[in-house]
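Data block below; observations after.
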There are 2 protein chains.
Amino acid sequence: MDKGIRPNRNTVLRLTQYKNMLHRLKSLGFERVFSDNLAGAVGVTASQVRRDFAFFGISGNKRGGYAIDALIEKMRSLLGKGSIQKVIIVGAGHIGQALMHYKGFVKEGIRIVAAFDIDAQKQDQHQRIPVFSMECMQPYAREHDIKLGIICVPEHAAQEVFDQMLDTPIEGVLNFAPMRLIAHRDCEVHNVNVGLELETVVYFVNAKHQGVRYADSAS
Amino acid sequence: MDKGIRPNRNTVLRLTQYKNMLHRLKSLGFERVFSDNLAGAVGVTASQVRRDFAFFGISGNKRGGYAIDALIEKMRSLLGKGSIQKVIIVGAGHIGQALMHYKGFVKEGIRIVAAFDIDAQKQDQHQRIPVFSMECMQPYAREHDIKLGIICVPEHAAQEVFDQMLDTPIEGVLNFAPMRLIAHRDCEVHNVNVGLELETVVYFVNAKHQGVRYADSAS
DNA sequence: TAGATTGTTAATCGATTAACAATC
DNA sequence: TAGATTGTTAATCGATTAACAATC
């Protein structure tokens, strides 16, 4: 019976961080790890590691810690890496290109299989990752049963692209356009807003400078 | 006397979202806004908007809501946009290029003034945003009193670049390399890890599929 | 065994939301 | 004035941490 408990974004983010760190530890020759080690490496508390593990049904040995191989295997299955995850990109501009060339995905079982763009200049079906015209997107996604899409088109085109995606088997979207997408059916949408991130850094740097004061004494 | 209260990342993220939305509302001809409107537009509760505003010392009229112009002005000063924020980029690969071409920064008072790369091929001092050799980074940052840097180099070079930045006036860094940077002095570091974000989406999509169950019944 | 580490519960912390008195 | 909206306090919610009994 499903408990209906759903891990939140942060919990899953930590899980992937654990996994990445475990890969590294393994490559360094380690075979077992303690919650303590892992916590230090990822930058959280040991309590948190154990609680997260408990949450995902991962258990270790009361004195020997956790076997790295078993841990990696368990996480692989949790993160759905039994099969390769096919992803398409819409928008082959700079960000799209950056993602197409990003090496990190391969070892995580994520594979970007195609990109789409309205600009005929950017279309090229003979690259490692082919870039097709926009019209091909829906047929392609349906035929290959694509579950994941990345949106890197300008803001004014993002909702339109998203609507088109919702008319395919796509169930998860990573959105780089700086806006909230409105979904007409269930779909997991995560936003990456580089502008906001940079502005946030700017804020903190300035705040530090002017010895900020809040509420009572503001300007 | 400084209260020592420090807004967290999420609060500041919301603040910038409010600001962006206010710009949009203004361009649509609105002059005043209620916490209710703004909340709906950004996707939070009205209570949250009012609490955030109170936190930053922003006040409105008990019946007339908030004057958009005054609100924008207030936020501009809070987010440190009195002067233009100069930013440098290290690593002129795909992500670096994407950021150099990103239009959104200009209107926020953020200006990317230069980029640096070890690859002589990528260097070009005659573009709108010049790309210099790595050796120029520290002298440039010192001479122009740069406070903000963006790291878009491969993982193996990121810490080295960061160390170099810490030897300049830089106080805030946006890091795209998928690793934790270690700081030898105080510096505001925010990480953008696209790989993690995508993996997180993958997780949720898979979880939905296999009707996940946790803790008790796992594998 | 003695010592160390897990697994889990209770305590703490912080952030969000609801409610409502103040007031325009 | 009556009605609506703010500003603020108290209640709620959820996530993190500390503590410790179980146990390898």
Side-chain angles (χ1 to χ4, degrees), chain A residues 3-18 22 25 30-68 70-71 74-75 78 200 204 214-219, chain B residues 3-18 22 25 30-68 70-71 74-75 78 200 204 214-219:
Chain A
K3 290 242 202 80
I5 305 172
R6 197 165 183 265
N8 64 23
R9 206 191 87 110
N10 287 341
T11 308
V12 177
L13 268 178
R14 283 198 302 274
L15 196 67
T16 56
Q17 287 181 294
Y18 298 149
L22 287 167
L25 290 173
F30 289 93
E31 292 183 354
R32 304 193 70 81
V33 69
F34 302 122
S35 58
D36 215 17
N37 310 145
L38 201 52
V42 170
V44 298
T45 64
S47 281
Q48 178 119 72
V49 171
R50 294 201 297 274
R51 215 191 94 296
D52 284 340
F53 281 11
F55 182 74
F56 287 106
I58 293 170
S59 55
N61 277 12
K62 279 258 151 79
R63 228 184 65 88
Y66 305 83
I68 291 183
L71 221 43
K74 179 78 193 179
M75 291 190 178
L78 274 173
T200 306
F204 283 112
Y214 294 107
D216 48 1
S217 63
S219 164
Chain B
K3 290 242 202 81
I5 305 170
R6 195 167 184 266
N8 64 24
R9 206 190 86 109
N10 286 343
T11 308
V12 177
L13 268 178
R14 281 198 302 275
L15 195 67
T16 57
Q17 288 181 293
Y18 298 148
L22 287 168
L25 290 174
F30 289 94
E31 292 183 355
R32 305 194 68 81
V33 69
F34 301 123
S35 57
D36 215 17
N37 309 145
L38 201 51
V42 170
V44 300
T45 64
S47 281
Q48 178 118 73
V49 171
R50 294 200 298 274
R51 216 192 94 295
D52 285 340
F53 281 11
F55 183 73
F56 287 107
I58 293 170
S59 56
N61 277 12
K62 278 258 153 78
R63 228 185 64 90
Y66 305 82
I68 291 182
L71 221 44
K74 179 80 192 176
M75 290 189 177
L78 274 172
T200 305
F204 283 111
Y214 294 107
D216 48 1
S217 61
S219 167

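Letters A, B, ... mirror the listed sequences (proteins, then strands); counts begin at 1. Values in this document were obtained by computation on a predicted structure and should not be read as measured data.
B:V42 has its side chain out of reach of B:R14: every pair of non-hydrogen atoms, C-beta onward, lies at least 4.5 Å apart. A 4.5 Å side-chain heavy-atom check between A:Y18 and A:V33 finds every atom pair outside the cut-off. With a 4.5 Å cut-off on side-chain heavy atoms, A:N61 and A:R32 count as touching.
For B:F55 and C:dA15, the CZ to P distance is 9 Å, given to the nearest whole Å. For the pair B:D52 CG and C:dA15 P, the interatomic distance rounds to 11 Å; values are reported in whole Å. Across the protein-nucleic acid pair, B:F34 atom CZ and D:dG7 atom P stand 12 Å apart, rounded to whole Å. Between the CG atom of B:L71 and the P atom of D:dG7 there is a distance of 10 Å, rounded to whole Å. For the pair A:F53 CZ and C:dT8 P, the computed distance is 14 Å after rounding to whole Å. Protein atom CZ of A:R9 is 13 Å distant from nucleotide atom P of D:dA15, rounded to whole Å. One interatomic measurement links the two molecules: CG of A:L15 to P of D:dA15, which rounds to 15 Å at whole-angstrom precision. As a whole-Å value, the separation of B:I58 CD1 from D:dT6 C1' is 14 Å.
Stretches of at least 3 consecutive Watson-Crick or G-U wobble pairs, with each checked distance under 3.5 Å, appear in DNA chain C as C:3-24 with D:3-24.
Residue-level contact check: B:N8 touches the backbone only, with heavy atoms under 4.0 Å from sugar-phosphate atoms and none from bases. Across all strands, B:T11 comes closer than 4.0 Å to no nucleic acid atom at all (heavy-atom distances). Nucleic acid contact class of A:S35 (heavy atoms, under 4.0 Å, all strands): sugar-phosphate only.
The minimum heavy-atom distance linking A:I68 with A:L22 is given by the pair CG2-O, 3.9 Å. Here the closest non-hydrogen pair linking B:A46 and B:A39 is N-CB, 3.5 Å. Of all the heavy atoms in A:F56 and A:P7, the pair that sits closest is CZ-CB, 4.1 Å.
Closest to the side chain of B:R51, out of C:dA15, D:dT6, C:dT16, is C:dT16. For A:K62, counting side-chain heavy atoms from C-beta on, the closest listed nucleotide (D:dT17, C:dG7, C:dT17) is C:dG7. Relative to the side chain of A:R50, the nucleotides D:dT6, C:dT17, C:dT6 differ in distance, and C:dT6 lies closest. The side chain of A:Y66 lies closest to C:dT6 when the candidates are C:dT6, D:dG7, C:dT16. Residue A:R14 has its side chain nearest to D:dT16 when only D:dT16, C:dT6, D:dA19 are considered. Distances were taken from every side-chain heavy atom of A:R63 (C-beta onward) to each of D:dT17, C:dT16, C:dT5; the shortest belongs to C:dT5. Closest approach to the A:A54 side chain among D:dT8, C:dT8, C:dT6 is made by C:dT8 (side chain taken as heavy atoms from C-beta onward).
When atom types are taken as modelled, the side chain of B:D52 and the backbone of B:V49 share no donor-acceptor pair closer than 3.5 angstrom.
Residues B:N61 and A:T45 both approach DNA chain D. Their nearest nucleotides, taken by heavy-atom distance, put B:N61 toward the 5′ side.
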Show your working on side chain to side chain contact (heavy atoms under 4.5 Å, CB included) between B:L25 and B:N37 and close with a plain yes or no. CA-CA 10 Å; B:L25 290 174; B:N37 309 145; 5.5 Å; no
